[in-house]
Amino acid sequence: MLTKLNPEQLSAVTSSLGHTLVLAGAGSGKTSVLVSRMAWLVQTQGFAPESILAVTFTNKAAGEMKQRLQSILGQSLNELWVGTFHGLCHRLLRRHHVLAHLNEGFQILDADDQARLIKQVIQSKQLDEQLWPIKAVQSYINNQKEEGMRAKHVMATSYGPEKTYLALYTAYEKSCEKLGVVDFAELMLRCCELLRDNPQLLQHYHSKFRAILVDEFQDTNSIQYTWIRLLSAGHASVMVVGDDDQSIYGWRGAKIENIQQFERDFPETQLIRLEQNYRSTATILEAANALISHNVSRMGKALWTEGQTGNKILLYGSFNELDEARYVVDKITAMISEGQSLDAIACLYRSNAQSRVLEEALIRQGLAYRIYGGVRFFERAEIKDAMAYLRLSLNPLDDLAFERIVNVPTRGIGEKSLEQLREHIASHGGTLWEALQFLLNKPSAFTSRASTALRAFQSLMLNLQKIVNDGDALEMQLAQVIEHSGLLRHFMNMKTEAGFARVENLKEWVSAAKQFRYEATKEEHLSWANAFIAHVALESGDMQVDADTPAVHLMTIHAAKGLEFPVVFMVGVEEGVFPSRGAIGDEKKLEEERRLCYVGMTRAKAQLVMTYAEVRRLYGREESHRPSRFLKELPETLLNVVRGYDTMKKGPSKLIAPVPYKIGQKVTHASFGEGIILAYEGGGAHLTVQVRFQNVGTKWLVVAYANLA
DNA sequence: CCCAAGGTATTTTTT
DNA sequence: ATACCTTGGG
């Protein structure tokens with residue numbers, strides 16, 4: 001295992017049992033180092049696997065790490081503490097729910113649920129949603145929690161508008177308490193408090209965890225850092241791995257400074273740099289290095305490779321986004337015909353909205369593609385509806401679930417009836433479900449019409465309660481949920497494409513339950529259905545689209561972090577798009593954008609293609625953009641400029657010899673007939689033009705041979 | 001209570 | 001362009 005490592009990797013893997021900070025550049029083999037370190041601890045240092053705590057950012061990364069570790073150790077390990085921050089905190093909170101002041105079946109609120117609850121809180125305070133937007137309140141609350149601040153801690157410093165935010169935060173905390181739910185940030189915060197307030201418990205985990213490893217350390221936030229410090233305050237050996245140049249989540253609270261802070265807080269930290277890149281060609285690496293060197297706040301690191309120089313970076317300047325998409329698709333088609341696999345190719349963009357044009361172009365060309373990101377499976381409205389039925393059946397006190405599905409599909413229960421239920425709660429306390437039972441027993445509480453509708457809902461829920469408690473297999477229960485709730489019928493009746501897709505999703509939901517394996521230990525004795533709910537909240541991204549057929553990968557650059565592809569197209573590299581409009585004029589944000597560009601470029605192994613459009617239709621408006629400043633930061637010698645470039649601030653480019661053709665110009669070819677020049681590439685004897693012919697389609701021609709008229 | 005028309009906002013996203 | 005959400009008429 002150790003023989004495959006380079007000297008730096010080896011020194012990281014076998015570094016002392018003190019603390020280690022590994023600055024691992026892109027493609028420098030950091031995952032191997034982490035896994036090897038764990039294996040080394042077990043095999044040569046006598047560490048029990050369950051005495052190691054390893055934290056990652058995504059479930060996918062955690063899964064990979066587990067698998068690689070198990071295959072090195074040659075055994076399947078049942079009590080491995082490898083997971084995401086949130087997943088591990090969840091585990092601790094379940095185990096110690098009493099000490100954490102949570103009820104046994106506490107549920108997790110995802111971002112969407114959280115927004116709904118916040119909306120209710122805003123409304124209950126009679127505040128104007130325009131003045132106090134849900135999203136603003138939500139990020140206020142989450143930011144506070146991520147800084148470790150409860151509402152009572154902020155109180156002293158409150159003034160002005162913050163006073164209202166604080167009041168909302170307080171009310172929100174109360175609602176969560178009442179509902180027995182915990183949001184994502186709360187998982188971290190509550191877990192920190194659990195450890196901090198229970199010295200014996202902390203002591204227990206101090207002696208349990210002898211080694212702590214953290215991946216993607218540059219993206220940890222304050223509360224996560226606090227958590228690591230708490231758990232490591234005993235005698236654990238801590239190793240954190242990160243790359244300050246790849247920190248791209250500052251906008252959601254990640255603190256790169258944690259890297260510097262680490263050296264201060266953890267005495268005698270050994271610093272190891274992994275700078276040898278095993279992924280990209282020298283050309284790509286040199287360009288990426290040149291780009292990132294424009295950032296001022298860096299710890300400093302220079303990636304190098306023993307690999308080939310490789311192809312130059314292609315830079316294509318298009319007129320508009322359609323032209324850009326067309327160029328990308330043509331290029332892909334050419335690569336495919338040269339034997340490249342579709343799977344080897346990725347198109348990366350700054351924002352999701354940019355995917356549509358690419359998709360359309362790919363469809364037109366008949367190329368398979370797979371899109372990552374967007375609305376994930378368990379976040380789809382119909383799935384969340386089905387989940388809400390399940391939740392309410394298991395826990396009739398779940399008001400959030402109640403509100404969500406009481407009239408979905410519509411069954412004649414409107415705002416008026418709900419208002420009556422809420423009023424009853426306001427004066428008598430309790431939950432919506434309890435209020436419903438009570439008021440239905442009171443004659444004349446509702447109009448006969450409302451009463452009928454409510455009774456129907458009541459008996460539906462009673463029926464579902466029986467079903468989810470009857471001990472059948474989970475998927476059988478779920479099948480009945482979508483059947484009896486009327487969800488299935490509702491979408492079926494729509495008879496539209498969208499409706500049909502939703503029916504498919506609901507069926508998929510049932511079969512997802514079949515695949516679900518509940519591996520938690522007995523301590524956290526949750527029912528299967530309850531475990532399923534927690535699993536879905538924490539790992540909603542896990543249901544990946546079928547990876548069987550080869551397809552071009554489409555995703556945001558953020559989503560591409562940690563991945564690599566032989567060929568990478570980076571599109572929309574324009575001022576206002578990338579760097580995004582909001583970042584322009586803000587040095588800190590610009591540096592993060594530059595890091596994002598760096599991350600995108602370093603995904604490419606062999607060929608990098610960057611494109612920009614002079615005019616782009618965005619949000620329904622046509623905007624003209626200059627090529628991104630990032631392009632100007634790349635050494636010209638590494639670029640193969642296909643067109644444009646003269647629109648860049650650098651002034652008229654010396655890169656391209658004057659071209660005898662204009663874009664849009666009509667030309668005639670001896671055998672292909674009449675066509676229009678779409679683009680050109682290269683120069684001098686290699687000058688090639690792309691011509692769209694009226695009859696034979698679009699072709700690339702070498703001007704020197706084509707004999708165009 | 002239901003649906004359809006109109007107004008508004010819109011980087012990036014895991015958990 | 002569009003998706004989402006609120007609002008007003010049937």
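Lettering of chains follows the sequences in order, A, B, ..., and the numbering in each one begins at 1.
- Atom CZ of A:R621 and atom C1' of C:dA1 are 12 Å apart (whole Å).
- A:T602 places a side-chain N or O within donor-acceptor distance of the main-chain N or O of A:Y598, the cut-off being under 3.5 Å.
- Straight-line distance from the CD1 atom of A:I371 to the P atom of B:dT13: 11 Å, rounded to whole Å.
- For A:R617 and C:dA1, the CZ to P distance is 6 Å, given to the nearest whole Å.
- Checked against side chain to side chain donor-acceptor pair (under 3.5 Å), A:Q246 has the following partners two or more places apart in sequence or in another chain: A:D243, A:R603.
- In this structure, A:D183 reaches neither bases nor backbone, as no heavy-atom distance under 4.0 Å exists between it and the strands shown.
- Within the 4.0 angstrom heavy-atom criterion, only backbone atoms of the sugar-phosphate kind lie near A:E415; the bases stay farther away.
- Toward the 5' end of DNA chain B, the nearer of the two residues A:E379 and A:K135, judged by each one's closest nucleotide, is A:K135.
- Comparing B:dT12, B:dC1, B:dT14 by their closest approach to the side chain of A:K416 singles out B:dC1.
- Contacts of A:F57 with the nucleic acid, taken as non-hydrogen atoms under 4.0 Å apart, involve only primed sugar atoms and P, OP1 or OP2.
- In this structure, A:F85 places its CZ atom 11 Å from C1' of B:dT15, rounding to the nearest Å.
- Salt-bridge annotation for A:D113 and A:R116: absent, with no side-chain N of the basic residue lying under 4.0 Å from a carboxylate O of the acidic one.
- OP1 or OP2 of B:dT12 has not a single side-chain nitrogen or oxygen of A:Y372 nearer than 4.0 Å.
- Here B:dT15 is the nucleotide among B:dT11, B:dT13, B:dT15 with the atom lying nearest to any side-chain atom of A:F184.
- No engagement by A:I108 is indicated, since no non-hydrogen atom pair under 4.0 Å with the nucleic acid exists.
- The nucleotide whose nearest atom lies closest to any side-chain atom of A:A111 is, among B:dT13, B:dT15, B:dT11, B:dT15.
- To the nearest whole angstrom, the two C1' atoms, one in B:dT12 and one in C:dC5, are 23 Å apart.
- Taking the six-membered ring where the residue is Trp, the centroids of A:F402 and A:F457 are separated by under 6.0 Å.
- In summary, A:K255 and A:E146 do not engage in a salt bridge, as defined by a charged side-chain N under 4.0 Å from a carboxylate O.
- Each of A:G87 and A:N352 has a nearest nucleotide on DNA chain B; the 5'-most of these lies closest to A:N352.
- Separating the OH atom of A:Y598 from the P atom of B:dT12 is a distance of 24 Å, rounded to the nearest angstrom.
- At whole-Å resolution of the value, CZ in A:R350 and C1' in B:dT12 are 5 Å apart.
- When only modelled atom types and interatomic distance are considered, A:Q114 and A:D183 share a side-chain donor-acceptor pair under 3.5 Å.
- Between the CG atom of A:L418 and the P atom of B:dC2 there is a distance of 11 Å, given to the nearest Å.
- Atom-to-atom, CZ of A:R616 to P of B:dT11 comes out at 15 Å; the value is rounded to the nearest Å.
- Where stacking is scored as ring centres under 5.5 Å apart with planes under 30°, A:W251 registers as stacked on the base of B:dT12.
- Salt-bridge formation is not detected for the pair A:R581/A:E574: no Lys NZ or Arg NE/NH1/NH2 atom is positioned less than 4.0 Å from an Asp or Glu carboxylate oxygen.
- Between A:Y165 and A:W132, the distance from one ring center to the other falls under 6.0 angstrom.
- Heavy-atom distances under 4.0 Å link DNA chain B to A:S580 of residues 574-590 of chain A, given in residue order.
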Across nucleotides 2-10 of chain C, 5' to 3', mark each nucleotide with B, S or - according to how protein heavy atoms within less than 4.0 Å reach it. SS--S----
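- For A:H625 and A:Y612, the ring centers are positioned 6.0 Å apart or more.
- The shortest distance between the side-chain N/O atoms of A:T84 and the OP1/OP2 oxygens of B:dT15 is not below 4.0 Å.
- Among the nucleotides B:dT15, B:dC2, B:dT13, the one closest to the side chain of A:H558 is B:dT13.
- For A:N59, a side-chain nitrogen or oxygen approaches OP1 or OP2 of B:dT15 to under 4.0 Å.
- Look at A:N221 and you won't find any side-chain N or O under 4.0 angstrom from OP1 or OP2 of B:dT15.
- Taking only side-chain nitrogens and oxygens, A:S351 never comes nearer than 4.0 Å to OP1 or OP2 of B:dT10.
- Of the candidate nucleotides B:dT15, B:dC1, B:dT13, B:dT13 has the atom lying nearest to any side-chain atom of A:T556.
- A:K60 has no carboxylate O lying under 4.0 Å from a charged side-chain N of A:E216, or vice versa, which leaves the two without a salt bridge.
- Aromatic ring centres of A:Y349 and A:H558: separated by at least 6.0 Å.
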